[in-house]
Amino acid sequence: AFQWLLKVQVGTQSISPLYWAIQSGNLAAAEAIIQDLLVFRADRERYYYGNDALFERHQDIINCLCREAPMLIPILLDGLIWRSPRTEKGLRRVNYYVK
């Protein structure tokens, strides 16, 4: 479901639209890709969340962002948090996805 954001076949080469955007300086596109990957989606059968696909394709995404686009680190980290819509006694359940 998320492969087209992470891997595109061009002739005999496979490129990452995310890394291409980062390396070419198109950080707005990279931000949009990260945000799109890390949105929870659902259909009648299951939930979809692109964090596993992101970390499978780009094990070094944190290092890459630190070197080439540190301003995108908060975008990535924010996308790795799920916040419950409900509060109980003033507290809100939060899950943080880290690989």
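Numbers for residues simply follow the sequence, beginning at 1. Below, all heavy atoms of this structure are taken into account, side chains as well, without hydrogens, waters or symmetry copies.
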Check: Ser84 main-chain N/O paired with Arg92 side-chain donor or acceptor under 3.5 Å
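Indeed, once roles are kept as given, a pair shorter than 3.5 Å links the two residues.
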Looking at Tyr49 and Leu38, what are the two nearest heavy atoms and their distance?
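It is CE1-O, 3.3 Å.
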Kindly check if the number of other-residue, nucleotide or ligand heavy atoms within 6.0 Å of CD (Glu88) is above 12?
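No.
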Contacts under 3.5 angstrom, residues 23-30 side chains, donor-acceptor by atom type, not counting sequence neighbours:
from, atom 1, to, atom 2, distance (Å)
Ser24, OG, Trp20, O, 2.9
Ser24, OG, Ala21, O, 3.3
Asn26, OD1, Ala29, N, 3.2

Roughly how far apart are Arg57 CZ and Gln59 CD, rounded to 0.5 Å?
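These two atoms lie 9.0 Å from each other.
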Approximate separation, where rounding is to 0.5 Å, of Glu31 CD and Ile22 CD1
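Those atoms lie 11.0 Å apart.
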Beyond-backbone contact of [X] with [Y], side-chain heavy atoms, under 4.5 angstrom:
| X | Y | result |
| --- | --- | --- |
| Lys7 | Ser16 | no |
| Ile34 | Ile61 | no |
| Pro85 | Arg93 | no |

May I ask whether Phe55 and Val39 are part of the same hydrophobic cluster, defined by side-chain heavy atoms of I, L, V, M, F, W, Y residues being less than 4.5 angstrom apart, directly or through others?
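Hydrophobic grouping puts Phe55 apart from Val39.
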For residues 67-83, tabulate all N or O donor-acceptor pairs below 3.5 Å that involve a side-chain atom, not counting sequence neighbours.
from, atom 1, to, atom 2, distance (Å)
Arg67, NH1, Asn63, O, 3.3
Asp78, OD1, Arg83, NH2, 2.8

Begin from the C-alpha positions of Leu18 and Leu5 and carry the test side-chain contact (heavy atoms from CB on, under 4.5 Å) through to its verdict.
CA-CA 7 Å; Leu18 175 58; Leu5 290 170; over 6 Å; no
Go through the steps for Ile33 and Tyr19 under the test side-chain contact (heavy atoms from CB on, under 4.5 Å), then give the verdict.
CA-CA 10 Å; Ile33 291 170; Tyr19 274 13; over 6 Å; no
